[in-house]
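Just follow the structure's listing: the first ligand is 1, and inside any ligand the first atom is 1.
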Amino acid sequence: MTATIIDGKAIGDELRREVAAGVQQRLDSGKSRPGLATVLVGENPASQVYVKSKQKACAEVGIESFGHELPRDASQAEVERLVTQLNADPAVNGILVQLPLPSGLDEEKILSAISIEKDVDGFHPINIGRLAQKGRDPLFVPCTPAGVMYMLEKEFPSLEGLNAVVLGRSNIVGMPVALLLVRANATVTICHSRTKNLPDVVRSADVLVAAVGKAEMVRKDWIKPGAVIIDVGINRVEDATKPRGYRLVGDVCFDEAAEVARAITPVPGGVGPLTIAMLLRNTLRAASLQDA
Ligand code: GUN
């Protein structure tokens, strides 16, 4: 193996310590404790785990969290009413509506109902729209894409002119990552299920961000020697040797890629810890924006 392993846990821990210090500084200067409201609709097991870990992370840095759970059959009006109530609550600086929402709910309308000053996930259409436009700045950048960029900025003094390939075009990761890479002056190619000659396109990447949700899809011979790989995929594969009967792998075959790449994130322990750290950072920023 030749690649450096990018330690997301260590980078995330360092960011969390910075947020914790920022929270303490607010409290010392007589300002309010930052607050994050989480909204979970239904019982998606993965979403339950994610929301719980976000709440735990808040507690660890001194951010108050307010958990709101609605049943799977909650109406559009009920969810929007809750968001409106949280918009008006001065103890709530950030609002996170966990995605995906149960089918039947209008996600765009619910995300649009969040006050842009409290949109710590950065998914409000105005924040995403600003991200996509030259000369405009969103108030908040989505957390996983922000974490990906944070890691890349540690690996490269500049991304200018580099070939960046993004696998996946989701609203949560692929598309906002691609927009951020464009803003960093990379030359960006977005690949998806209809892309032709995918291995050839991936082989052009100095920077590869994989976010397709297909276990170990990217193989050794797809990778340009010396590339930096950020693997956002979290996929379960059966493994009878593990107590739970499965293990987690990324979208990139780690052992193979590590022989060719310059640096790579592991799964787990790569991007995941950065997502949560960025949410905490955005919540602290929301609180200070709302002081004014
Ligand atoms: N579902 C998967 N990732 C995310 C995220 O970053 N934020 C929200 N709200 N939902 C998600």
Side-chain angles (χ1 to χ4, degrees), residues 8 12 15-16 36-58 63 65-70 72 74 79-80 82-83 86-87 92-103 105-116 118-128 131 138-151 166 168-180 209-213 230-236 248 250-251 265 267-268 270-283 285-286:
L15 276 167
R16 286 184 197 217
L36 173 72
T38 57
V39 177
L40 177 61
V41 188
E43 281 136 32
N44 179 319
S47 291
Q48 286 173 327
V49 171
Y50 290 140
V51 168
K52 227 181 228 135
S53 54
K54 289 168 186 179
Q55 290 170 338
K56 181 165 170 272
C58 280
I63 292 175
S65 66
F66 306 94
H68 293 269
E69 289 177 17
L70 293 175
R72 187 178 349 155
V79 184
E80 286 182 28
L82 174 58
V83 169
L86 297 171
N87 283 339
V92 170
N93 301 112
I95 302 170
L96 178 143
V97 176
Q98 187 65 27
L99 302 176
L101 288 165
S103 59
L105 290 173
D106 183 337
E107 178 189 297
E108 188 186 359
K109 234 172 137 218
I110 290 167
L111 296 177
S112 303
I114 298 172
S115 153
I116 64 164
K118 296 191 178 186
D119 178 34
V120 287
D121 249 335
F123 294 149
H124 189 291
I126 291 181
N127 277 325
I128 287 288
L131 190 66
L139 284 172
F140 300 99
V141 172
C143 302
T144 302
V148 169
M149 295 305 289
Y150 191 84
M151 287 173 152
V166 180
R169 53 180 162 178
S170 71
N171 290 340
I172 292 178
V173 184
M175 188 56 74
V177 163
L179 295 172
L180 285 165
V209 179
V212 275
I230 309 292
D231 191 349
V232 188
I234 302 178
N235 310 290
R236 284 183 184 188
L248 296 177
D251 292 344
T265 58
V267 177
V271 179
L274 271 277
T275 297
I276 294 191
M278 289 299 171
L279 173 67
L280 302 173
R281 214 191 203 194
N282 281 353
T283 305
R285 207 172 100 73

Please say whether more than 12 non-hydrogen atoms of neighbouring residues, nucleotides or ligands are located less than 6.0 Å from CG in N171. no
Closer than 3.5 angstrom, by distance alone: can the side chain of [X] be matched with the main-chain N or O of [Y] as a donor-acceptor pair?
X    : Y    : answer
K54  : T38  : no
H124 : D119 : no
N93  : A286 : no
T275 : C143 : no

Rounded to the nearest 0.5 Å, how far apart are CD1 of I230 and OG1 of T144?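 If we round to the nearest 0.5 Å, I230:CD1 and T144:OG1 are 12.5 Å apart.
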Show me, by chain and number, every protein residue that has a heavy-atom distance under 4.0 Å to ligand 1.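 Lining ligand 1: K54, L96, V97, Q98, L99, D121, F123, I172.
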